[in-house]
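First the structure, in the form of structure tokens, and then the observations on it.
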Amino acid sequence: LAKVPGTRFVVCAEVLGELTDPAQSAGVHACIANGALSVVAFETTAELATYAAHRRIMGQGEAAALALAEHRGLAIASDEKRVFRREATARLGADRIVTTADMFVACIRAGAISIEGADDALRTLTANRFTLPFASFRDVL
């Protein structure tokens with residue numbers, strides 16, 4: 001993540017609290033420790049009020065991330081569908097929603113991962129029931 005030019009990646013405590021897989025949690029915390037990912041928190045009552053409104057229709061991590069993206073002009077990384085996608089698109093615009101595939105493409109273009117490495121990760125994702133509409137990142141580059 002740190003090798004993608006012109007980007008800064010942040011995560012909020014509410015999202016961290018939803019990490020249930022120990023390996024994923026360890027990976028995220030390693031990114032925090034090495035500075036590739038920063039932890040952010042609510043700073044204003046407006047952010048908290050937007051979070052509270054979002055919590056009525058979505059989970060805490062989604063609600064917090066969307067509220068912070070709205071108030072801080074951030075893009076949001078998510079593959080969520082349904083309510084979250086509809087709300088994020090309405091509030092941020094589709095151009096501020098970054099998918100897993102978008103993130104891999106940015107990392108490949110930045111030289112942070114090879115196409116082969118991304119394809120290895122894609123096979124792991126697919127084995128864990130996460131699908132993308134292509135067999136190789138070579139197909140989208």
Side-chain angles (χ1 to χ4, degrees), residues 1-137 139-141:
L1 297 177
K3 293 182 180 180
V4 179
T7 60
R8 182 175 76 99
F9 293 92
V10 299
V11 65
C12 53
E14 292 78 8
V15 170
L16 292 174
E18 291 184 342
L19 296 174
T20 57
D21 181 279
Q24 289 177 352
S25 182
V28 170
H29 283 87
C31 287
I32 293 168
N34 72 23
L37 185 62
S38 301
V39 179
V40 295
F42 296 115
E43 295 177 352
T44 68
T45 55
E47 290 174 345
L48 282 169
T50 301
Y51 166 70
H54 291 336
R55 275 296 281 133
R56 293 185 194 124
I57 60 170
M58 64 184 74
Q60 71 177 11
E62 292 88 356
L66 183 55
L68 291 170
E70 282 181 76
H71 286 276
R72 298 183 188 188
L74 304 172
I76 194 162
S78 175
D79 287 300
E80 295 290 330
K81 304 288 185 223
R82 300 185 197 116
V83 171
F84 179 82
R85 175 64 58 146
R86 183 183 68 240
E87 291 296 317
T89 300
R91 295 168 186 285
L92 304 176
D95 60 321
R96 285 178 44 202
I97 301 170
V98 180
T99 65
T100 298
D102 297 331
M103 297 279 285
F104 273 101
V105 168
C107 289
I108 292 166
R109 287 185 174 145
I113 189 171
S114 66
I115 291 174
E116 293 76 18
D119 284 347
D120 285 344
L122 178 57
R123 284 188 284 281
T124 300
L125 290 169
T126 302
N128 287 285
R129 297 187 307 233
F130 182 90
T131 60
L132 291 173
F134 50 85
S136 170
F137 280 96
D139 300 336
V140 296
L141 289 168

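Every value quoted in this text rests on a predicted model; they were computed, and no experiment measured them. Numbering starts at 1 and runs along the sequence shown.
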query = Any side-chain donor-acceptor pair under 3.5 Å between His71 and Thr50?
reply = yes
request  = Check whether any side-chain heavy atom of Val28 lies under 4.5 Å from a side-chain heavy atom of Val15, and answer yes or no.
outcome  = no
task = Work out which heavy atom in Ser136 is nearest to a heavy atom in Asp119; give both atom names and the distance.
result = OG-OD2, 2.7 Å
request  = Please list, chain by chain and in numerical order, all residues satisfying side chain to side chain donor-acceptor pair (under 3.5 Å) with Thr7, sequence neighbours excluded.
outcome  = none
task = Measure across Tyr51 and Glu14 and return the closest heavy-atom pair with its distance rounded to 0.1 Å.
result = OH-CG, 4.1 Å
key: CD1 on Ile97 to CZ on Arg91, rounded to 0.5 Å   = 12.0 Å
message = Within a 6.0 Å radius of atom CZ on Arg72, are there more than 12 heavy atoms belonging to other residues, nucleotides or ligands?
response = yes
note = Taking every heavy atom of Leu122 against every heavy atom of Phe134, the minimum-distance pair comes out as CD2-O, 3.9 Å
Expected output: side-chain Arg96 to main-chain Leu74 donor-acceptor under 3.5 Å = yes
task = Could you list the residues that satisfy side-chain contact (heavy atoms from CB on, under 4.5 Å) with Arg109, not counting sequence neighbours?
result = Val105, Leu141
key: Test item: Ile76 and Val98 side chains (from C-beta on) under 4.5 Å apart, heavy atoms   = no
Which residues share a side-chain contact (heavy atoms from CB on, under 4.5 Å) with Thr99, sequence neighbours left out = Asp79, Arg85, Ala101, Asp102
Acceptor/donor pairs from residues 16-23 side chains to any protein atom, 3.5 angstrom cut, sequence neighbours excluded:
residue : atom : partner : partner atom : Å
Glu18   : OE2  : Gly61   : N            : 3.0
Asp21   : OD1  : Ala23   : N            : 2.9
Asp21   : OD1  : Gln24   : N            : 2.9

key: Heavy-atom pair of closest approach, residues Ala13 and Val39   = N-CG1, 4.5 Å
request  = Give the minimum heavy-atom separation between Val83 and Ile57, together with the two atoms involved.
outcome  = CG1-O, 3.6 Å
note = With sequence neighbours left out, the residues meeting side chain to side chain donor-acceptor pair (under 3.5 Å) with Glu70 are His54
message = A side-chain contact here means heavy atoms from C-beta on lying under 4.5 Å apart; do Ser78 and Phe84 qualify?
response = yes
inquiry  = Do Glu80 and Met58 have side chains that approach each other closer than 4.5 Å (heavy atoms only, starting at C-beta)?
reply    = no
query = Got a sec, which residues hit side-chain contact (heavy atoms from CB on, under 4.5 Å) with Ala118, two or more places apart in sequence or on another chain?
reply = Phe104, Ile108, Ile113, Phe137
remark   = For Ala65 and Cys12 the tightest heavy-atom approach is N-SG, 4.0 Å
ask   = At what distance, to the nearest 0.5 angstrom, does CG of Leu48 lie from CZ of Phe42?
value = 5.5 Å
